A.B. asks: 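If you scroll down you'll find the structure; I have some questions about it.
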Amino acid sequence: MRADERFGTIPCMARASAKRFGDRDALVDGDVRLTFVDVERGMVAVARSLLASGVQRGDRVAVWAPNSATWVLAALGLQAVGAWLVPLNTRLKGEEAAYILRTTDARTLFVADGFLGIDYVEALRAAGPDLAALDDVVVVPPPTEAASPTWAAFLERGDAVPVEQVDEALAAGGSDDVSDVIFTSGTTGLPKGVMLRHGASLRGYGIWSDRFVLNGESRYVIPTPFFHCFGYKAGWMSSLMAGAMAI
């Protein structure tokens, strides 16, 4: 059966992988090791907090951070509630990131503030103080770290949201729903956002995984950035679907 028909959406695939592969290691980020069950639990925790914050189906949520286990959990969590993922290149300047956030009308921003010594939030405030995403900024832990005070505070938002609400949101999703908006580099003009769908992503990269024999025996090192489709869809998403260990 094709991956889009089998799973429907990317977060439903993550939940199915937790049942299929259980306590095997799914993500290794320095000393941080998450099993497939851990990934599903982390996805649900993020989803509960986003629901508590008022994020709804069809909202755009951006992630401006380097590769990390938390990047994956944030992406899956926002997709679990039906939001659209907007990945941002960590090399963008404030004006460039502000353009994408304004174009997508992103309402929440996950950001690794201080990465490469850059104050990303301050750069955004200088470039676009009226950006909606600045009203709900979530600072994520840096790579190789699973926790931080700001991340813990964000997860606490979801304590009052029943897990059943996440289950309902997952059940409401379908393969034709938009999963993410990937922007071009903008080398010859302003970047353009391409809307991709859950089903097309699962189907295409399910085939890719089969052709490259990605499976439960694989140890998959992903050096390419998650803000790019190769690091994201041909990377951790494919690894999660195939039962491989992403490093």
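As the structure is a computational prediction, the values presented were derived from the model and not from experiment. For the numbers below, each heavy atom of this structure counts, side chains included, while hydrogens, waters and symmetry mates do not. One-based numbering along the sequence shown.
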A.B. asks: For residues Ala106 and Ala132, report the shortest heavy-atom separation together with the two atoms involved.
C.D. replies: O-CB, 3.7 Å

A.B. asks: Between Asn67 (side chain) and Thr224 (backbone), is there a donor-acceptor pair under 3.5 Å?
C.D. replies: yes

A.B. asks: A side-chain contact here means heavy atoms from C-beta on lying under 4.5 Å apart; do Leu76 and Val46 qualify?
C.D. replies: no

A.B. asks: Just so I know, are the side chains of Thr150 and Val138 near enough to count as touching, which here means a heavy-atom distance under 4.5 Å?
C.D. replies: no

A.B. asks: Rounded to the nearest 0.5 Å, what's the gap from CG on Leu101 to CZ on Arg60? Could you check?
C.D. replies: 11.5 Å

A.B. asks: Given 3.5 Å as the limit, does a donor-acceptor pair link the side chain of Asp113 with the main chain of Val121, or not?
C.D. replies: yes

A.B. asks: Please report the C-alpha distance between Arg102 and Asp130 in whole Å, then the side-chain angles of each, then the deciding distance to 0.1 Å, and finally whether the side-chain contact (heavy atoms from CB on, under 4.5 Å) criterion is met.
C.D. replies: CA-CA 9 Å; Arg102 184 173 290 109; Asp130 60 334; 3.2 Å; yes

A.B. asks: Using the rule given for side-chain contact (heavy atoms from CB on, under 4.5 Å), can you reason through Phe183 versus Thr104, listing the C-alpha separation, both sets of side-chain angles and the distance that settles it, and then say yes or no?
C.D. replies: CA-CA 10 Å; Phe183 274 77; Thr104 57; 3.5 Å; yes

A.B. asks: To the nearest 0.5 Å, how far apart are CG in Leu27 and CZ in Phe36?
C.D. replies: 7.5 Å

A.B. asks: For a 4.5 angstrom cut-off between non-hydrogen side-chain atoms, does Phe7 reach His198?
C.D. replies: no

A.B. asks: Side-chain heavy atoms nearer than 4.5 Å, only ILVMFWY residues, links allowed to pass through others: does that put Leu73 and Phe115 together?
C.D. replies: no

A.B. asks: What do you reckon, is CG of Asp31 surrounded by more than 12 foreign heavy atoms closer than 6.0 Å?
C.D. replies: no

A.B. asks: Any ion pair linking Asp119 and Arg125 (charged N to carboxylate O, less than 4.0 Å)?
C.D. replies: no

A.B. asks: Could you give all pairs that pass the salt bridge (charged side-chain N to carboxylate O under 4.0 Å, His left out) test and reach residues 219-241, with sequence neighbours left out?
C.D. replies: Asp180-Lys233

A.B. asks: Please tabulate, for side-chain N and O atoms in residues 152-160, each donor-acceptor pair with protein atoms closer than 3.5 Å (sequence neighbours left out).
C.D. replies:
from   : atom 1 : to     : atom 2 : distance (Å)
Arg157 : NH1    : Ser53  : OG     : 2.6
Arg157 : NH1    : Asp136 : OD1    : 3.1
Arg157 : NH2    : Asp136 : OD1    : 3.2

A.B. asks: Hydrophobic clustering (ILVMFWY, side-chain heavy atoms < 4.5 Å, transitive) - are Ile118 and Leu124 grouped together?
C.D. replies: yes

A.B. asks: For the backbone of Met241 and the side chain of Arg20, can you confirm whether one donor and one acceptor N or O come within less than 3.5 Å of each other?
C.D. replies: yes

A.B. asks: Between Asp38 and Arg33 (salt bridge meaning N to carboxylate O under 4.0 Å), is one present in this structure?
C.D. replies: no

A.B. asks: What's the spacing between Thr108 OG1 and Leu78 CG if we round to 0.5 Å?
C.D. replies: 9.0 Å

A.B. asks: Go through it in stages, so that I can follow the logic: the residues are Ile10 and Leu85, the test is side-chain contact (heavy atoms from CB on, under 4.5 Å), and I'd like the CA-CA distance, side-chain angles, deciding distance and then a yes or no.
C.D. replies: CA-CA 11 Å; Ile10 296 169; Leu85 167 65; over 6 Å; no

A.B. asks: Should Cys229 and Ile182 count as side-chain neighbours, where that means a heavy-atom distance under 4.5 Å?
C.D. replies: yes

A.B. asks: Under a single-linkage definition using a 4.5 Å side-chain heavy-atom cutoff for Ile, Leu, Val, Met, Phe, Trp and Tyr, are Val32 and Val221 assigned to the same hydrophobic cluster?
C.D. replies: no

A.B. asks: Determine whether Thr144 and Ser68 make a side-chain contact, defined as any pair of heavy atoms from C-beta on separated by less than 4.5 Å.
C.D. replies: no

A.B. asks: Do you know which two heavy atoms are closest between Leu50 and Phe110, and how far apart they sit?
C.D. replies: CD2-CZ, 4.0 Å

A.B. asks: Between Thr9 and Gln79, is there a side-chain heavy-atom distance shorter than 4.5 Å?
C.D. replies: no

A.B. asks: Tell me whether Glu96 is salt-bridged to Lys93, with the criterion being a basic N under 4.0 Å from an acidic carboxylate O.
C.D. replies: no

A.B. asks: Say you draw a straight line from CG of Leu116 to CZ of Arg91; how long is it, rounded to the nearest 0.5 Å?
C.D. replies: 5.0 Å

A.B. asks: Should Met237 and Met13 count as side-chain neighbours, where that means a heavy-atom distance under 4.5 Å?
C.D. replies: yes

A.B. asks: Look at the aromatic rings of Trp71 and Phe226 and report parallel, tilted or perpendicular, splitting at 30° and 60°.
C.D. replies: perpendicular

A.B. asks: Quick one: does Phe227's side chain get under 4.5 Å of Val63's, heavy atoms only?
C.D. replies: no

A.B. asks: Just verifying a value: how many Å separate Lys19 NZ and Glu40 CD, rounded to the nearest 0.5 Å?
C.D. replies: 8.0 Å

A.B. asks: If I take atom SG from residue Cys12 and atom CG from residue Leu170, how far apart are they, to the nearest 0.5 angstrom?
C.D. replies: 5.0 Å

A.B. asks: Working note: Met43 + Val166, criterion side-chain contact (heavy atoms from CB on, under 4.5 Å); need CA distance, chi angles, decisive distance, verdict.
C.D. replies: CA-CA 10 Å; Met43 172 185 78; Val166 179; 5.9 Å; no

A.B. asks: Suppose the criterion is side-chain hydrogen bond (donor to acceptor under 3.5 Å, both in side chains): which pairs have a residue in residues 202-214, not counting sequence neighbours?
C.D. replies: none

A.B. asks: Could you state whether Leu109 and Leu131 fall into the same hydrophobic cluster, counting links through intermediate Ile, Leu, Val, Met, Phe, Trp or Tyr residues with side-chain heavy atoms under 4.5 angstrom apart?
C.D. replies: yes

A.B. asks: For the hydrophobic clusters of this structure (ILVMFWY residues joined by side-chain heavy atoms under 4.5 Å, transitively), does one cluster hold both Val178 and Val81?
C.D. replies: no

